[in-house]
Amino acid sequence: MTAIKHALQRDIFTPNDERLLSIVNVCKAGKKKKNCFLCATVTTERPVQVKVVKVKKSDKGDFYKRQIAWALRDLAVVDAKDAIKENPEFDLHFEKIYKWVASSTAEKNAFISCIWKLNQRYLRKKIDFVNVSSQLLEELPKVTEDQQSLQVGGKESVPSGENQSVTGGDEEAVDEYQELNAREEQDIEIMMEGCEYAISNAEAFAERLSRELQVLDGANIQSIMASEKQVNILMKLLDEALKEVDQIELKLSSYEEMLQSVKEQMDQISESNHLIHLSNTNNVKLLSEIEFLVNHMDLAKGHIKALQEGDLASSRGIEACTNAADALLQCMNVALRPGHDMLLAVKQQQQRFSDLREHFARRLASHLNNVFVQQGHDQSSTLAQHSVELTLPNHHPFHRDLLRYAKLMEWLKSTDYGKYEGLTKNYMDYLSRLYEREIKDFFEVAKIKMTGTTKESKKFATLPRKESAVKQETESLHGSSGKLTGSTSSLNKLSVQSSGNRRSQSSSLLDMGNMSASDLDVADRTKFDKIFEQVLSELEPLCLAEQDFISKFFKLQQHQSMPGTMTEAEDLDGGTSSRQHNAGTPLPVSSEKDMIRQMMIKIFRCIEPELNNLIALGDKIDSFNSLYMLVKMSHHVWTAQNVDPASFLSTTLGNVLVTVKRNFDKCISNQIRQMEEVKISKKSKVGILPFVAEFEEFAGLAESIFKNAERRGDLDKAYTKLIRGVFVNVEKVANESQKTPRDVVMMENFHHIFATLSRLKISCLEAEKKEAKQKYTDHLQSYVIYSLGQPLEKLNHFFEGVEARVAQGIREEEVSYQLAFNKQELRKVIKEYPGKEVKKGLDNLYKKVDKHLCEEENLLQVVWHSMQDEFIRQYKHFEGLIARCYPGSGVTMEFTIQDILDYCSSIAQSH
């Protein structure tokens, strides 16, 4: 118990300037035992306050905490239950009766004794002690005020009577050990120096001290007996001093009685001052709390009126409602201090704010829904003027009027997210219908402008141009300016026209074919390109303006995550999703940016299907339109991705770009397939194959379209596929040709390809250009050698025999001695080829070459010049053999090289 007492004094009472005088371990009577301690304490400062404190052990640790304290002056009765028998129970009567059971009767009696002594010492009012043994209630001797104020060593001394009995065992425990003073310590040191063996033999040292003490006592007694007279005198003086002390005590007692009332009054005054100070402190704190609540939870009457009756149609009314809504939000979001939410006035004010918020939120949501409908009707009235023009209505006035409510929407979002979400859905539902009407009308106008208004242009745009050309037999393969957009069956019907028909119809081709087909194709394609660009140019600002409005009006421009966004976005989606979500439910929305994209998908759900339909129409009109669409769409996608790669516009245009790229690839594949399916006539010469001319047309068109385009790589890949197909199928047709020699087909078509690539300067086809030139040169040389053959046949046979003899080992100058190859045989053969016969043979050769070659490439003079060079080479070869094998014979050809040149020139001029 002593250890607990010291621990309580140190941890609980010393910090509060209190002294613990007595302690008892108790528990409440009649209940489950929960031990605690009752402590009797006094303050160390005047005026002294006596308290009974209940201390309990903490549940969370091994330490004690102060639970409750009672002033001793409030104690009315102490009931010990039984004055004779030992009983641990006792009652303390404060404002109510507390029943206790002590852990032992001794602790209970010591605690009650301490309470009695404190009552006698400090309280004017006497406490009733019931059923308490008289031995515990001992009268304390009166202590004068002078004794209480005695100071020893600067500290207040405890009187030997009353205070010692009050403090009980505390002072006794302190008196158990007394520190030696300096003189005692010095005497002991001197004594120990004289008895050095004391350290090693304590018993001998103690005996010596005892003997010396006896000697001293005997000396003292003898001295007293010798001074009996002085003792008698001292006793008289002591008696007189005692009388004086009794008189002083009587006076002090009278003084104490006189000052007792003053002391009680001063104690009461001190207690009153303490209570007044406590009351003032509480009043200041209460005033601060009230001012806080009034300043932060008071909404001005003007704001209340604006929330209840404010005009939401005028700018001034909107501003007043916005300010009032902000003030209401501040009042509702004020951080209340602990305990404020338990006040009835605070609860009533919060309920009033909640009612105001609900009322204004309903009024705002209803008004904005009406604004959506009203603005929609006004917007619908402007649709008629845009129905015949390729423009989309401007929603800027609508957005401008609604943006006045942006701050109120932000307030609604933070205070009532359900109504905010409802407004969002209503806006999307209404706007999606409005935009769907506008966009569908807009695309209908675009389709009408693409297909044209006259039946002739529509008919021409739906691909039968080549079929009509075939029926009229005015469009030959070499002059075909049509596109590879017709059906495969129509291409299979194409046949190679005869050279006579080509020459007779060349002028009509230029007038009818080129003017009515190529020029019209260019015009149609240019018109389509402008319409498609205008469509994209109208859609892009429309989507950007709506997205910017949504972010500002619904306050979604930030990229932070919102609670519950996933389910909200799924609701907003309404069963529709973008191309990426077709396989299942929409992706979970994790940010406000994704929420904007979902809203845009809902509002503009018809854009992607309409664009795909328009692209399909353009591809049906002319497959070459996919080139224009690929370039335009790529540029707009690139622009949109630079602004925001994840935006609705960027995603939608990217999806449509995939479709356009597929159509472009399909166009290339169709051209390659049509190359493979082309057939030639067996009765007419081939000339320039149709797919060679069409490749030229495609390349020229593509180069003009893809100039500085972002998707140049796609065109280069298409070029590679097409040129490979052209090379393979030219060779296939040449192998199958029966009317026209293979070398002529290869020479003319590869010459055309080389000329086309040289003119267009396509960097990715440099290797193919060199290959085409090489093929052209090789087949030109092959055709010349094959066609020219041996114009002087007998002479060729003669000299072949000469060369055979030389090869057998006969010397060249000895060949003339051979019977079959002598000079007479040589002259006989030479006479068979006079100049007239040579010219006639060359003329027949020219006609043959002219019959093989087509007029489109104009290679007749090139081939003729090559044949002339080959003929001259053979002539020089024959002259060399004559000079080496028949030296000095004087045998010469009957025509010269100059004659050959003259013959060739005159033949060419005559034709």
Side-chain angles (χ1 to χ4, degrees), residues 1-45 48-82 85-119 121-123 127 129-132 136 166-174 176-177 274 278 338-339 342:
M1 184 64 71
T2 304
I4 295 175
K5 185 175 181 181
H6 284 298
L8 294 178
Q9 177 67 52
R10 180 185 68 247
D11 298 336
I12 295 179
F13 299 111
T14 299
N16 292 331
D17 296 330
E18 294 177 320
R19 291 181 59 204
L20 175 60
L21 301 181
S22 182
I23 183 172
V24 58
N25 187 2
V26 298
C27 64
K28 288 187 178 181
K31 292 187 178 181
K32 185 178 180 181
K33 287 190 176 182
K34 290 185 178 180
N35 290 343
C36 59
F37 296 98
L38 292 180
C39 305
T41 65
V42 295
T43 59
T44 58
E45 296 180 356
V48 177
Q49 296 183 9
V50 186
K51 296 180 181 179
V52 176
V53 182
K54 179 182 176 183
V55 177
K56 185 179 180 181
K57 193 172 185 179
S58 175
D59 296 334
K60 298 182 180 180
D62 215 10
F63 59 92
Y64 297 90
K65 62 180 180 180
R66 187 181 188 125
Q67 191 170 15
I68 190 170
W70 300 275
L72 190 62
R73 66 175 177 274
D74 296 332
L75 182 60
V77 178
V78 177
D79 187 357
K81 297 295 184 182
D82 196 332
K85 295 182 180 180
E86 293 186 355
N87 187 355
E89 297 182 2
F90 66 98
D91 296 344
L92 299 180
H93 294 230
F94 289 101
E95 74 278 1
K96 65 178 183 178
I97 300 174
Y98 294 91
K99 297 180 180 296
W100 305 100
V101 178
S103 60
S104 66
T105 307
E107 289 185 14
K108 163 193 162 183
N109 293 337
F111 183 75
I112 293 176
S113 177
C114 182
I115 295 296
W116 182 80
K117 294 173 184 177
L118 290 171
N119 178 43
R121 171 69 178 85
Y122 293 105
L123 297 183
I127 301 173
F129 289 85
V130 181
N131 298 323
V132 180
L136 298 177
V166 170
T167 55
D170 276 345
E171 282 72 17
E172 293 175 3
V174 173
E176 289 177 0
Y177 169 77
H274 175 72
L278 182 62
M342 300 176 65

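Please read these numbers as outputs of a predicted model, since none were measured by experiment.
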Flag side-chain contact, heavy atom, 4.5 Å: Trp116 against Val132
no
Across all chains, not counting sequence neighbours, the salt bridge (Lys or Arg N to Asp or Glu O under 4.0 Å) partners of Arg10 are none
Which pair of heavy atoms, one from Val55 and one from Cys36, lies closest together, and at what distance?
O-CB, 3.3 Å
Reported CH2-to-NZ distance for the pair Trp70 and Lys54, which is rounded to 0.5 angstrom:
6.0 Å
Under the side-chain contact (heavy atoms from CB on, under 4.5 Å) rule, collect the residues that match up with Thr14, sequence neighbours excluded.
Gln9
With a 4.5 Å heavy-atom cut-off, do Val50 and Val42 have their side chains touching?
yes
Over all heavy atoms of both residues, which pair between Ser22 and Ala110 is shortest? Give the atoms and the distance, please.
OG-O, 3.9 Å
Those residues that, when tested against Tyr64, pass ring pair (Phe, Tyr, Trp, His ring centres under 6.0 Å) (two or more places apart):
Phe37
Residues two or more places apart in sequence or in another chain: which of them pass side-chain contact (heavy atoms from CB on, under 4.5 Å) with Glu18?
Phe13, Asn16, Thr41, Thr43, Lys51, Arg66
Is Val24 close to Ile112 at the side-chain level, that is, under 4.5 Å between some pair of heavy atoms?
no
side-chain hydrogen bond (donor to acceptor under 3.5 Å, both in side chains) filter on Thr105, not counting sequence neighbours, yields none
Sorted by chain and number, sequence neighbours left out, ring pair (Phe, Tyr, Trp, His ring centres under 6.0 Å) with Phe111 holds for none
Glu95: side-chain hydrogen bond (donor to acceptor under 3.5 Å, both in side chains) partners, not counting sequence neighbours:
Tyr98
Nearest heavy-atom neighbours spanning Leu118 and Leu21:
CD2-CD1, 3.5 Å
For the residue pair Leu72 and Ile127, establish whether any side-chain heavy-atom pair is separated by less than 4.5 Å.
yes
With sequence neighbours excluded, tell me which residues meet side-chain hydrogen bond (donor to acceptor under 3.5 Å, both in side chains) with Lys57.
Asp62
Applying salt bridge (Lys or Arg N to Asp or Glu O under 4.0 Å) to Asp91 and not counting sequence neighbours gives Lys81, Lys99
Side-chain donor/acceptor of Lys108 to backbone N/O of Glu89, under 3.5 Å:
yes
Tell me every residue that passes salt bridge (Lys or Arg N to Asp or Glu O under 4.0 Å) with Lys56, counting only those two or more places apart in sequence or in another chain.
none
Partner set under side-chain hydrogen bond (donor to acceptor under 3.5 Å, both in side chains) for Asn25, not counting sequence neighbours:
none
So, for Phe94 and Ala71, which heavy atoms are closest and what is the spacing to 0.1 Å?
CE2-O, 3.8 Å
